[in-house]
Number of protein chains: 2
Amino acid sequence: MNRPIPNRRSRARERSDALYRELRARISTLEYPPLTVLSENLLAAEFGVSRSPIRQVLNRLEADGLVETRHGAGTMVTDIDLAGLEQIYGFRMRLAELVGDLDPAPPGPTDLAAWRALKADIVALHDRPEPVAYARFNMQFHGLMLDRVGNPPLREAIDRLFFQTARVWLHNMPDIDWAEEVAIFGREVGMMVQTLELGDMHGVGLVYRNIIASSLYRLFVYRHAAPD
Amino acid sequence: MNRPIPNRRSRARERSDALYRELRARISTLEYPPLTVLSENLLAAEFGVSRSPIRQVLNRLEADGLVETRHGAGTMVTDIDLAGLEQIYGFRMRLAELVGDLDPAPPGPTDLAAWRALKADIVALHDRPEPVAYARFNMQFHGLMLDRVGNPPLREAIDRLFFQTARVWLHNMPDIDWAEEVAIFGREVGMMVQTLELGDMHGVGLVYRNIIASSLYRLFVYRHAAPD
DNA sequence: TTTCACCATGTTACATACAACTACGCATAA
DNA sequence: TTATGCGTAGTTGTATGTAACATGGTGAAA
């Protein structure tokens with residue numbers, strides 16, 4: 001008789017992870033914009049727990065560079081410095097290239113279906129482009145991309161760095177032409193789907209790199225075009 | 001008048017970091033071998049603090065993959081699986097190459113002096129090669145190498161992965177010819193010093209990659225030569 | 001003998017009380 | 001007006017008590 005299986009993943013750990021993802025999402029979608037002050041007491045009250053699990057999650061977020069905590073002062077969402085951003089993007093581009101070389105994971109039928117569905121959703125978004133919806137799809141793209149990374153440490157690094165840059169677009173591009181951005185993103189995802197269908201994993205890495213590169217390029221072009 | 005500068009790095013944070021480095025060192029030098037059970041109460045008693053800061057540090061170590069905590073069961077040092085190790089090494093090699101390409105930091109006179117001193121120390125070690133001393137020098141090498149990495153995210157990734165593999169040599173190679181290992185390490189560091197003196201940072205990345213590669217190679221050669 | 005339920009013990013997760021620390025307002029004096 | 005010192009409120013860091021959980025042993029029943 002099998003044991004009742006004590007949930008290989010403990011309940012406590014799942015709740016902690018859910019909290020972590022929730023707060024990370026709030027930061028990434030600018031529900032908590034940079035410099036927002038997060039109170040341990042308020043968060044604890046909102047989620048119906050004590051400060052202990054909140055503090056654990058805030059520690060993880062601080063290790064990710066998403067919040068900064070100072071004794072006696074408070075915990076606030078970190079600001080975005082464009083200088084460091086360029087370095088992160090440069091590194092992300094090189095990591096993207098590695099996806100195709102280091103234990104690439106060719107997609108199965110289910111994966112390809114998910115990719116096609118994502119492309120369809122993005123095309124459908126073209127009618128009424130919303131920034132937050134764009135961000136959501138960008139996060140989905142990231143999730144599907146991670147599944148193609150067979151090398152665990154590489155996957156972890158890519159994931160970590162993605163969330164360090166995920167909120168930049170929403171924050172620094174408040175008034176750009178989101179319709180065009182959505183169109184570009186749709187074409188890029190389409191290119192990725194084609195390359196995946198061919199099973200050309202090396203090409204997948206290059207396409208991924210290109211997506212990141214053009215993202216950085218447009219980020220700085222728009223930035224310099226409209227300096228505040 | 002300048003403010004008294006309340007130690008930009010708070011006292012609490014420094015103690016926490018010191019604790020983290022201490023436990024990480026104990027794991028890396030096999031003072032805590034894999035599968036060792038760490039008790040929060042014992043650690044708290046040893047360092048004269050309560051369980052809270054200990055738990056915080058153990059969380060960081062778990063994020064690094066160095067310990068594993070299960071509710072109600074305990075916290076133990078993670079085991080080493082050679083399969084995952086090969087993937088980590090593969091990734092580390094690619095990251096090493098990037099050191100020369102992504103914001104390389106050419107060494108100053110002080111840096112070069114430190115490198116030469118390290119080489120001298122390693123050569124001096126040749127008379128009575130001790131495994132733990134070897135590990136110490138390997139850690140020093142890592143520290144000097146980090147100073148040459150100008151790209152912060154890359155530096156962080158290299159640092160994280162180093163400590164995921166630092167203990168492998170001591171653990172899986174209990175009875176190899178350490179004198180020869182020290183000799184090889186000395187030659188490798190010498191090569192690195194030469195390349196640094198030339199200011200050839202691209203070469204530095206390649207030499208670094210080679211050091212990691214040969215390390216992996218010898219690891220598996222010895223492993224297969226003496227299977228238990 | 002084997003199997004299974006249960007309990008005792010020790011561990012981590014969580015909650016809560018207290019200490020350390022910061023920032024800000026306000027009074028005060030130059 | 002401006003600078004300065006201090007007190008107070010509010011925050012994070014730490015200590016400690018309580019709950020949830022896992023593990024091993026014991027003993028009874030099949």
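Each chain gets a letter, A, B and so on, in the order its sequence line appears, and its residues count up from 1.
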Any residue meeting ring pair (Phe, Tyr, Trp, His ring centres under 6.0 Å) with B:Y134, in chain and number order, not counting sequence neighbours:
B:W178, B:F185
Smallest heavy-atom separation, A:G150 atom then B:Q87 atom, equals O-NE2, 3.7 Å
So A:H142 and A:F162, would you call those rings parallel, tilted or perpendicular, with 30° and 60° as cut-offs?
parallel
Cationic N near anionic O, under 4.0 Å, B:R94 to B:E97:
yes
So, are B:D17 and B:R60 salt-bridged, with charged N and O less than 4.0 Å apart?
yes
Check against side chain to side chain contact (heavy atoms under 4.5 Å, CB included), B:Y217 and B:Y89:
CA-CA 10 Å; B:Y217 172 74; B:Y89 264 91; over 6 Å; no
Please check if the number of heavy atoms outside B:R136 that lie under 6.0 Å from its CZ is greater than 12.
no
Specify the separation, in whole Å, of atom [atom1] of [X] and atom [atom2] of [N].
X: A:M76; N: C:dT22; atom1: CE; atom2: C1'; answer: 12 Å
X: B:F47; N: D:dG13; atom1: CZ; atom2: C1'; answer: 18 Å
X: A:L43; N: C:dA15; atom1: CG; atom2: P; answer: 14 Å

Given protein heavy atoms under 4.0 Å, the one-letter contact record of nucleotides 6-14 of chain C, with B base, S sugar-phosphate only and - none, is simply ----BBBBS
Any donor-acceptor N/O pair, A:D111 side chain to A:G108 backbone, under 3.5 Å
yes
Using five pairs at each end of the helix from C:dT1-D:dA30 to C:dA30-D:dT1 to define an axis, what is the angle between those two axes, to 10°?
10°
